[in-house]
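Below is one structure; the comments refer to it alone.
Every heavy atom of this structure was used, including side-chain atoms; hydrogens, water molecules and symmetry mates were not. Below, chains carry the letters A, B, ... as their sequence lines are ordered, and counting in each starts from 1.
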Amino acid sequence: MNGFLSFDLTFCDCRDGVINLNLKRMRKFLQTSFLLLLISLSVAAQERSVSGRVTSTEDGSALPGVNVVIKGTTNGTVTDSEGNYRLNLPTSGGALVFSFIGLQTTEVIVGDRAVVDVSLALDVTQLSEVVVTALGIESDVTKLGSATSKIGGSSAKESGETGVIQGLAGKASGVLVQKTAGDPGAGAYIQIRGQSTITSSVQPLIVVDGVPMFNTTAGSNVGGVIEQSRMNDLNPNDIESVQILKGASAAALWGSRAANGVMVITTKKGKKGVGKKFSVVYGATYSVDKISYKHDLQTKFGQGSNGIYSPVNANAYGDKIEDRSGGADGVVNTPGAPYFESISGKKYYEITAKNDRSNFEQSNFDQVFQDGHFLEQNISLSGASDNSSIFASFSNLDQEGIIVGNSDYKRSTFRINGSNKLSDQVNLKTNFSYAKVKSNRIQQGSNTAGLYLGFLRTPSDFDNRDYKGTYYNAAGIPAFNRQRSYRRYLGNSLNPIYNNPGWTVNEQKNPTEVDRFLGNLELEVKPTSWLTLIARPGVDFYEDRRQSIFPIGSAANSGNGTATEQYLSERQFNMDMFGIANFKLTDHILGTGVLGANFNERTQHNDGFTYQNFILDLPISNAANATNENTFPFDFESVQRTSAGYGTLNLGYDELLYLNATLRVENASTFGSGAQSTFAYPSVDVAFNFNQLGALKNSRVLSAGKLRAAYGEVGIQPIPYSTLDDYVVAVYAEGWGPAVSAAGYSGSYGRSVIKGNRSLEPERKKEIEFGTDLSFFENRLSLNATYYTNETTGALFNVAIAPTTGYANTYGNAASLENKGIELDLNATVLKLGDFTWDINANVSQNRNKVTSLSGTESLFLAGFTGTSSRAVVGQPVGVLWGGRWDRDAAGKLILDENGFPTQALDEGILGDPNPDWRGGLGSTFRYKGFRLYALFETFQGGDIWAGTHGALYNFGRTQQSANEVTLSAAEAATIVNATGAPVTSFGTDNGNGTYTFRGNIADFGGGKVALNQAWYQGLGGGFGPVGEQFIVDGSWTRLRELTLGYTLNGEAFRSATKLTAIDFTLTGRNLAIWAPSKDIIGVDPETNLTGPTNGRGLEYFNNPGTQSFLFSVQITY
Amino acid sequence: MKKIFKYLLLALLAWNMSACESFIDDMEVDPNNPGDATAARMIEGVMVADMFVHTGDLNRLAGMWMGYFTGADRQYLTLDTWGGSVAADYNNTWGNIYTGVIAQARIVQEKASTENNLRLRGVAKILEAHALGTTAQLWGDVPNTEANNIDEFPNPAYESQASVYASLQTLLNSALADLAGVGSIPNDIFYGGSVANWSAFAHSLKARYFVHTGDFANAETEAALGITTLSEELWAPFGSTFGATFNPYYDFMVYNRPGYMGADNAYAAELLDPYDLSGSGRSRSNAKTNEEARFNWNYLPYYEIYASGYEPNYLNDFDWAEPNGKFGLEFPLYTAGESLLIIAEARIRANDVAGAIAAYNNYRTYLVNGGGGFHDISSAYDYAFQYDPYVLADFQAGGMVNHGQASAAEAILFEIMEERYVSMVGELEAFSDWRRTNNLIGVPVKFGTSIPERFLYPQVEINTNPNVPSPLPDFSTPTPVNQ
């Protein structure tokens, strides 16, 4: 009986304590305890007996302790340690009900059988109810008063994304995950419940096995390369689960680092194989990636301006290609004429007459785009004995991007997770991983040396393929390694103005190489039965060595060559020490208390140098390839520390009511010395499981019902070294690029334009949420709903100060903003017919954000350009698009100029809102025997995007719309004027029959018809004009994010024949279909952002294209 | 065993709690940047900022609007006229003026006072006066006494343009007094520490500001005391390092934004062009004047390297192995020519026709004897120049420099102003001339019917300083001195 009692107590601990409930552990308890239970059961003799074995569908292992009940009676038994049972039935027929917590309850008709073997499948709904708290401790969801979302590791892995975060897109309500580009290794933007800060990072705190992990994306800007996010260093195959703590209450234990929520990632632990002490899993995935969207460009008109061909002009406003005579171009190829000889041997001479009607749209595309692909291989070993467990994995990913040339991503990782129970009191766990990432990237964005800038602006009658060669001048003197671009088709200048895309992808180099270590140790001591003490030191470290080399002849630095080499590293040391005590107040009230301390130190280094005007025409990584005068070193370092004490108290009244409270008291080195030194972050939540009330307890309809309420406070730390005035090197710059620096003379310092602020405090976010979790019909239908409202006060930003004060800004706690939103999650088993099941998982969320104060700043720049930017504006959602508008009268009517064209307003204003009205995900899974089909749709509705590329392409005459032709009657042609007031008769083509045709469009802005032609598109009507308003479009989209067909071979016959446990085959399609109203205008996947995972949203300007993928993977489990 | 573990860990926890405070102490000081600098190590930064604001984007905007340059590509197509310019275009330079020049110059003044280096203080005052005078001229009412004192004046008041000009004269007087005192001028990239040259520059600024306010008598006096020889001229010492010492024009036109700005059909180019490449027939060369050298120094004759038609001459020795064009390397901030022309203008405005002609001929002699910037290119390529003295008859009706004016006095004023226009291509002072004379010389008006009377108050100031003038003046509102 001692054993029985101990089981009972353990069971209570599991159900009611905070810690360490999980199925596997329970199964183990059951395994040892139920033998005793069995002995104590008396078995009545009956006429007929049925026996059998109960196994797990997941891995075929025996299931001890499963309840086996004769349907409609209370008679039954439980399975033994081998999963066997024997039961006597009163008569023939009847049915048995097999049930076990965490597994699907299964009913079997016995018929005349004497042996009934059953395998029980995991009950996904129930399984997901084991959640991980902010401290990395497992708990039961019924006890939580706040909303969390849990996503299984396999779900992230199967998405076909190479990064963990990207694989979560669309799978949880209130969590927005957006990949920033299709480039290999591209970072992703994560936003939980709306943006609750203005300029501080909006990315959640990532905690892996209890230790914070950097998710840095360093260096995202309007130009440059697409940067990786350091989250991508995790091997998705190693992930057991991702728990998203969305609310302030759940995250409060992380204090001033938790305002954006916390993602708690748990990696896999060693476990026994099926009938073995260990298992080995090998998986391989091959993916083919394609460009998902292309810009739709005109091919009617050639290079030139005002209808006249010119081989050096920036524009595609030249002659009509079909009107050319055809045949070879007229060139000057007399002896002594200058020419260009490409590396392929082809010679190009000065063009005097353009006759050729060829269109190079396709070959120019094929020059730089291809089908990308990757191969990922992963092998892991998992094993366990009674006192220890080990999980080890190795993975390798080798990806070639959709862009030809230097675009790839290689990642190798290994991991060892182990635990060892040294004694009954002491348990030691360790998790360690290492990743090596090597990648080559392509320059993009607002960047004359970037891919799309040169590619999309190239007129369709220019052949980009011969991009490199030798220029011979009139004296026959060669200039080697010259770039041939559409603005410099003879390569007769070092500066090509825009890069030929071939040069961008092949000649420029942007490698990065990362080493990443992540490890922690956890010592768990149980001095008494009610107390557990845990010490958990952990370290995260990476070094990122980057280069950007623009050889001589690149558009950067006027063709003279420039390079930057950079060493970025971050190190985080984190130590948690806490004790957990379980106690019992009354028979009905059980409690758990935690008291602990946290120390955290983060250091950052960014050292490197830029060198330019290369001495030798070699793209080598060597700072000596430039004079001292042209070498610029830089260094940056920072250290920030946080120390905190915390406590939590959880009380449970039976299984009906739970109360959880936490308090973190914290101090950090980034707080100003003039501010209060410690800050407290309280949270409290209540869970009321009303299904435990008498009448509802045995309801056949309601399986679980909970009402919850939570309040919490979290924060964001200031950036380091903002509390004092600095003196900085006297450097002055303007928006167009020119800059001067005293470092070029004898060196001089000036007071920084950023005013130090001694009273810096953390930003504070306070959130209240209410919600309910309901499930019906034995969990076949479950619904979770949450309403939240939060307010961030003291949001930090560089408050603009009138420059006349001598400062440009000061970093201070000056803004406030709020979010309100609802989140709905629905899970349902729609159909269950024999072996066929159809499950649906849906989520919908809506968030309303509003900036409530900017302390007098009218609008705050977050990211973008002088003309159009993403900003914070009082009374508006953070991130609104801002820029030049049309001038309107009080009634909102356009104010027209004397020609009938709109004019621009003198001041800038709001143009659009990139935040969605609502978002949703809909997943549908069909299972039949070993087959499974999963489809995930995701939608993003109502957010605006600035189609910056489209606007710029109007300027260059490359949009389809700009190549329209309009024919007017003589009368109309004489009266309709263009933007300069010239009538169509003066620039249109006289058709000889009285009518006139011109290239462009007719519009009416309210003052009668006007002609939009080159004059308009290169002025106010184009992307380089001051009016950004006209290029704001609806950025909504709906996509088939993921489509997966899987088949698992794990039948008994298969297993005994092969000695393998299972083989899984999976076919996955990613982004197979995208529906977007702006498709023809944006020209790239609207899930894009020029400035990567920064706070500025909704910007598109020559962004590298997105991808769709087709994947095949196989996984073999031994 | 159990007890040992328990007490050990509890003790550890307690120790760590008490260690909280010391763990985060003394980490406020930025390891990347110093917290202070000496006046001697700040003054060069003020000079760098001052020359940058006088050669940067404001120069290009004004230059396009008044016929020096032509916006040729992308955003510069719309910025080619003030019709395409908005308040945000002025944020950058305004910020550099106040935070880069004026604020730092005042800090240097304070530190120099403490160090009793009066001469250094004087130089800081002159630099402050240079930037503030330009600001008052371009915008009218601007913050002055309440500027750069954030603790007392978080929203600096806008002072009347007249009072700013008055205080500039006082400031320059006190600078002159300081220069006569003790101390030295270290790290001087403008004048190598020459007190005499700084004094000349101070007098010249006084002269310029008297011109702005229409006080020509005082202008003539100060001009005579100011920069009158080549060795006193102030040229921004730009060099050959991209991102550090480049002339911003060169940086813009060749490195950062090639092709954005040319000078296709630019009025000044047509006036100077003795070859009449654009066919405008506007060449101002005559029997006594040959502008070939000066034209080639200012403009490239249809080389069309980045833009069509004329381009500003951005060629230089270090990148192109060519003689420096006006926009390739060093750039004038104050020349002896400007002083000499102020004297000539002051005399004609005082109706001293003979004195004005003499002063103007004195200026033409300066051009012949090495002034005007074009002599290097002239000797490299044998480009001709000729600036013979004019006589009264040349200005009278039918004379070679009378363009239909009723009197010789009017013709002389026109000639002086047109000479100022072509001698200051790309310089901000020319924008002042254009507006204070209400386009006397008839530069074609590119947008609407009248010339722009000012720059717009910057968006950043509108956003942050409630004291910014209201209603906001637009391009049609002259600044008070021009009203």
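- For a residue to count as touching a neighbouring chain, one of its non-hydrogen atoms must lie under 4.5 Å from one of that chain's; by this rule A/D726 touches chain B with backbone and side chain alike.
- For B/L79, the part lying under 4.5 angstrom from a heavy atom of chain A is the side chain only.
- For A/Q904 (side chain) and B/G83 (main-chain N/O), a donor-acceptor pair under 3.5 Å exists by modelled atom type.
- If you measure heavy-atom distances from B/D319 to chain A, the contacts under 4.5 Å come from the side chain alone.
- B/E28 and A/S669 form no side-chain donor-acceptor contact under 3.5 Å, judged by distance and modelled atom types alone.
- Contact of B/N33 with chain A is made through backbone and side chain together, with heavy-atom distances under 4.5 Å.
- With a 4.5 angstrom heavy-atom cutoff, A/N809 does not touch chain B via any of its atoms.
- Every residue two or more places apart in sequence or in another chain that forms a side chain to side chain donor-acceptor pair (under 3.5 Å) with B/E152 is listed here: B/N149.
- For B/E44, the parts sitting under 4.5 Å from any heavy atom of chain A are the backbone and the side chain alike.
- Side chain to side chain, B/E461 and A/T804 meet the donor-acceptor criterion of an N or O pair below 3.5 Å.
- Residue B/N467 does not touch chain A at all, counting heavy-atom pairs closer than 4.5 Å.
- When each of B/P458, B/A40, B/A244, B/P248 is checked for heavy-atom pairs under 4.5 Å with chain A, B/A244 comes out on top.
- Using a 4.5 Å cut-off between heavy atoms, A/F861 does not touch chain B at all.
- Interface residue B/Y76: only side-chain heavy atoms are found under 4.5 Å from chain A.
- Counting heavy-atom pairs closer than 4.5 Å to chain B, the top residue among A/Y807, A/F956, A/W736, A/Y749 is A/W736.
- Interface remark: B/F246 contributes backbone atoms only to the contact with chain A (heavy atom separation under 4.5 Å).
- Contact of A/N315 with chain B is not made at all, since no heavy-atom distance falls under 4.5 Å.
- One distance of note links CD of A/E629 with OG1 of B/T241; it measures 3.0 Å at 0.5 Å rounding.
- Interface residue A/L724: only side-chain heavy atoms are found under 4.5 Å from chain B.
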Item to check | Candidate pair A/S859 and B/N463, rule side-chain contact (heavy atoms from CB on, under 4.5 Å), full reasoning | outcome: CA-CA 7 Å; A/S859 80; B/N463 291 354; 4.1 Å; yes
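- Taking A/A739, A/A742, A/P1026, A/A808 one by one and counting their heavy-atom pairs under 4.5 Å with chain B, the maximum is reached by A/A739.
- Within the structure, every pair that satisfies the salt bridge (Lys or Arg N to Asp or Glu O under 4.0 Å) test and touches residues 89-107 of chain B, not counting sequence neighbours, is listed here: B/R106-B/E128.
- Heavy-atom distances place no part of B/T93 under 4.5 Å from chain A, backbone and side chain included.
- Only the backbone of A/T642 comes within contact range of chain B, with at least one heavy atom under 4.5 Å from a heavy atom of that chain.
- Ranked by heavy-atom pairs under 4.5 Å with chain B, the first of A/N495, A/V312, A/D897, A/V1027 is A/N495.
- The backbone N or O of A/G747 lies less than 3.5 Å from a partner atom in the side chain of B/R41, making a donor-acceptor pair.
- With values rounded to the nearest 0.5 angstrom, B/S240 atom OG is found 8.5 Å from A/N613 atom CG.
- Contacts of B/F252 with chain A are made by both backbone and side-chain atoms, with heavy-atom separations under 4.5 Å.
- Interface residue A/V753: only side-chain heavy atoms are found under 4.5 Å from chain B.
- At a 4.5 Å heavy-atom cutoff, the contact between B/P154 and chain A is made by backbone atoms alone.
- When each of A/A730, A/S741, A/G744 is scored by its heavy-atom pairs under 4.5 Å with chain B, the top score falls to A/S741.
- Of the atoms belonging to B/L472, not a single heavy atom falls under 4.5 Å from chain A.
- Only the backbone of A/Q640 comes within less than 4.5 Å of a heavy atom in chain B; its side chain stays farther off.
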